[in-house]
Amino acid sequence: MKHDIFSLKGKVALVTGGNRGIGKVVAEYMADAGADIAIMDLDDASAVAAAIAAEYGVRATARVCDVTRREDVRAAMASIAGELGTLDILFNNAGIVMHKPALELEPGEWEKVLGVNLNGVFYVAAEFASRLVSEGKGGSIVNTASMSGSIVNIPQQQASYNTSKAAVIHLTKSLAVEWADKGIRVNCISPGYIATELISFVSPELLETWRGMIPFKRLGRPEELAGAVIYLASGASPYTSGCDIVIDGCFTVV
Ligand code: NDP
């Protein structure tokens, strides 16, 4: 390519929830595009980081970190920046789901979903942006929202998840405007149903119902999100901020 606008060479990308699922696969594709990778996850993602480093010839590291604990987020980021030199890109992706009618939620369940999916996303974004500002540099944030932030899924009931993801979309737009003059772009992706461990608890009958509702007649694959994340993270999208890319096999179109 004459204009290598999708290259992430020389950039350090932080991926939350990168021990498995979408985060792991997108981290691999970002490494393939040249980025050094840092993973923050509840679980130890050292093996994933080592495999990425070996496969793509980049630097990769991992920290155990609960994104709902802001002090831990700050410390993990400082430790990563100490090892890899700096941070440039954030794929702010860790999240959880709960299928449960609103009237049956136990105490703390609403708070748990909002705690990870909204507070966690904000804490990581804010600590990341704060680091960039203190280093006097710009960067790019890609949050993982969901089509559930724009529509209400059926037949399962999941008000906590839908609400958290709607909030992520508006948080994305709000931070994009707030940080525009700091050179920090903030965008999000809204995946449809993607085949990962996140939905491994779903019954074969419900999966079949979903397939019937998706115009593509299949679930998406994590790698089908990588192009959008790399586009938003890279120099291919310098004038794009506050944008939500929906990747859902046409689910929300009909
Ligand atoms: P997975 O459950 O496969 O992976 C999520 C990862 O995030 C896991 O490694 C998990 O760790 C980690 N994680 C969970 N909570 C925390 C936390 N508090 N701090 C740090 N890490 C945490 O999910 P997906 O890859 O499918 O989902 C990734 C993102 O994509 C989520 O935000 C999800 O809401 C979103 N999404 C997923 C869709 C899908 O159909 N799969 C559709 C639309 C959006 P552990 O294994 O210990 O739980």
Side-chain angles (χ1 to χ4, degrees), residues 14-29 38-49 62-77 80 90-99 111-125 127-128 141-153 156 158 160-169 171-172 188-202 206-207 210-211 213-214 216 218-226 228-229 244-249 251-252:
L14 171 59
V15 179
T16 67
N19 191 44
R20 69 180 202 188
I22 292 166
K24 175 174 179 277
V25 172
V26 170
E28 290 164 358
Y29 276 73
I39 295 173
M40 292 189 345
D41 198 286
L42 273 184
D43 302 312
D44 180 12
S46 303
V48 172
R63 299 291 182 280
V64 174
C65 178
D66 181 343
V67 297
T68 67
R69 300 170 69 94
R70 188 160 182 171
E71 293 300 320
D72 294 357
V73 167
R74 183 177 307 148
M77 256 184 227
I80 289 164
L90 167 62
F91 182 39
N92 203 0
N93 163 81
I96 57 174
V97 71
M98 185 179 294
H99 290 183
E111 289 76 9
K112 183 174 183 197
V113 176
L114 272 289
V116 179
N117 293 3
L118 177 57
N119 296 349
V121 165
F122 174 68
Y123 296 158
V124 175
E127 291 300 330
F128 175 85
I141 298 173
V142 184
N143 296 321
T144 305
S146 169
M147 67 173 178
S148 309
S150 306
I151 52 106
V152 175
N153 307 69
Q156 75 275 16
Q158 48 175 47
S160 58
Y161 186 79
N162 299 344
T163 304
S164 71
K165 293 301 186 176
V168 169
I169 295 170
L171 175 66
T172 298
C188 62
I189 58 167
S190 278
Y193 293 118
I194 307 295
T196 69
E197 292 91 332
L198 182 85
I199 55 171
S200 55
F201 69 93
V202 172
L206 181 53
L207 281 176
W210 288 354
R211 280 193 201 97
M213 296 169 78
I214 304 168
F216 274 36
R218 67 171 177 84
L219 272 60
R221 297 183 289 271
E223 55 268 32
E224 293 176 305
L225 307 173
V229 178
D244 174 30
I245 300 186
V246 181
I247 307 156
D248 66 352
F251 189 97
T252 57

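Ligands are counted one by one from 1 in listed order, and the atoms in each one are counted from 1 as well. Hydrogens, waters and symmetry mates play no part in the numbers below; they use all other heavy atoms, side chains included.
Of the candidates Asn19, Asp41, Val73, Val26, it is Asp41 that places a heavy atom closest to atom 9 (O) of ligand 1. Residue nearest to atom 2 (O) of ligand 1, selected from Lys112, Arg69, Arg20, Lys165: Arg20 (by heavy-atom distance).
Atom CZ of Arg69 sits in a sparse spot, with 12 or fewer heavy atoms from other residues, nucleotides or ligands closer than 6.0 Å.
The atoms of ligand 1 that sit less than 4.0 Å from any heavy atom of Gly21 are 3 (O), 25 (O). Shown in contact with Tyr193 at under 4.0 Å from a heavy atom are these atoms of ligand 1, numbered in order with element: 40 (O). Listed by number with element, the atoms of ligand 1 under 4.0 Å from a non-hydrogen atom of Val67 are 17 (C), 18 (N), 19 (N), 20 (C). In summary, the atoms of ligand 1 found under 4.0 Å from a heavy atom of Thr144, numbered by their order in the structure, are 29 (C), 30 (O), 35 (C). Taking every non-hydrogen atom of Asp66 and a distance limit under 4.0 Å, the qualifying atoms of ligand 1 come out as 17 (C), 18 (N), 19 (N). Which parts of ligand 1 touch Cys65 is read off a 4.0 Å heavy-atom cut-off, strictly below it: atoms 19 (N), 20 (C). Which parts of ligand 1 touch Asn93 is read off a 4.0 Å heavy-atom cut-off, strictly below it: atoms 28 (C), 29 (C), 30 (O), 31 (C), 32 (O). Close approach of ligand 1 to Glu197 (heavy-atom distance below 4.0 Å) involves ligand atoms 3 (O).
Ionic pairing of Arg218 and Glu224 is present here: one or more N-O contacts between side-chain nitrogen and carboxylate oxygen are shorter than 4.0 angstrom.
Nearest protein heavy-atom contact of atom 40 (O) of ligand 1 is Ile194 N, 2.8 Å. The protein heavy-atom contact nearest to atom 16 (C) of ligand 1 is Leu42 CG, 3.5 Å. Protein heavy atom nearest atom 23 (O) of ligand 1, with residue, atom name and distance: Leu198 CB, 3.3 Å. Atom 46 (O) of ligand 1 has Asp43 OD2, 3.1 Å as its closest protein atom, hydrogens excluded (heavy atom only). Counting only heavy atoms of the protein, atom 27 (O) of ligand 1 lies nearest to Ile22 CD1, 3.9 Å. Nearest protein heavy-atom contact of atom 33 (C) of ligand 1 is Tyr161 OH, 3.6 Å. Atom 5 (C) of ligand 1 has its closest protein heavy atom at Gly95 O, 4.1 Å. Of all protein heavy atoms, the one closest to atom 7 (O) of ligand 1 is Gly17 CA, 3.2 Å.
Heavy-atom distances between Gly192 and ligand 1 reach below 4.0 Å in at least one pair.
Here the closest heavy-atom approach between residue Gly21 and residue Pro222 is recorded as O-CB, 4.3 Å.
A distance-only check finds no donor-acceptor pair linking the side chain of Asn143 to the backbone of Ala145 [under 3.5 Å]. At distances below 3.5 Å, at least one donor-acceptor pair connects side-chain atoms of Asn93 with backbone N or O atoms of Thr16. A distance-only check finds a donor-acceptor pair linking the side chain of Lys165 to the backbone of Thr144 [under 3.5 Å]. Side-chain atoms of Asn117 come within 3.5 Å of backbone atoms of Ile96 as a donor-acceptor pair (strictly under, hydrogens ignored).
Residue-level proximity to ligand 1 for Ala145 is carried by the backbone, the only part with a heavy atom below 4.0 angstrom. The residue Lys24 has no part lying near ligand 1, judged by heavy-atom distances below 4.0 Å. The part of Thr196 lying near ligand 1 is the side chain, judged by heavy-atom distances below 4.0 Å.
Under the 4.5 Å side-chain criterion, counting only non-hydrogen atoms from C-beta, Gln156 is not in contact with Val202. When side chains are defined from C-beta on, Leu206 counts as touching His99, because their heavy atoms get closer than 4.5 Å. The shortest side-chain heavy-atom distance between Val67 and Val121 does not fall under the 4.5 Å cut-off. With contacts defined as side-chain heavy-atom distances shorter than 4.5 Å, the pair Phe91/Ile22 qualifies.
A search for side-chain contact (heavy atoms from CB on, under 4.5 Å) contacts involving Ser160 returns Met98, Trp110, Val113, Leu114, not counting sequence neighbours. When the ring-ring contact (aromatic ring centres under 6.0 Å, His included) test is applied to Tyr193, the partners found at least two apart in sequence or on another chain are Trp210, Phe251.
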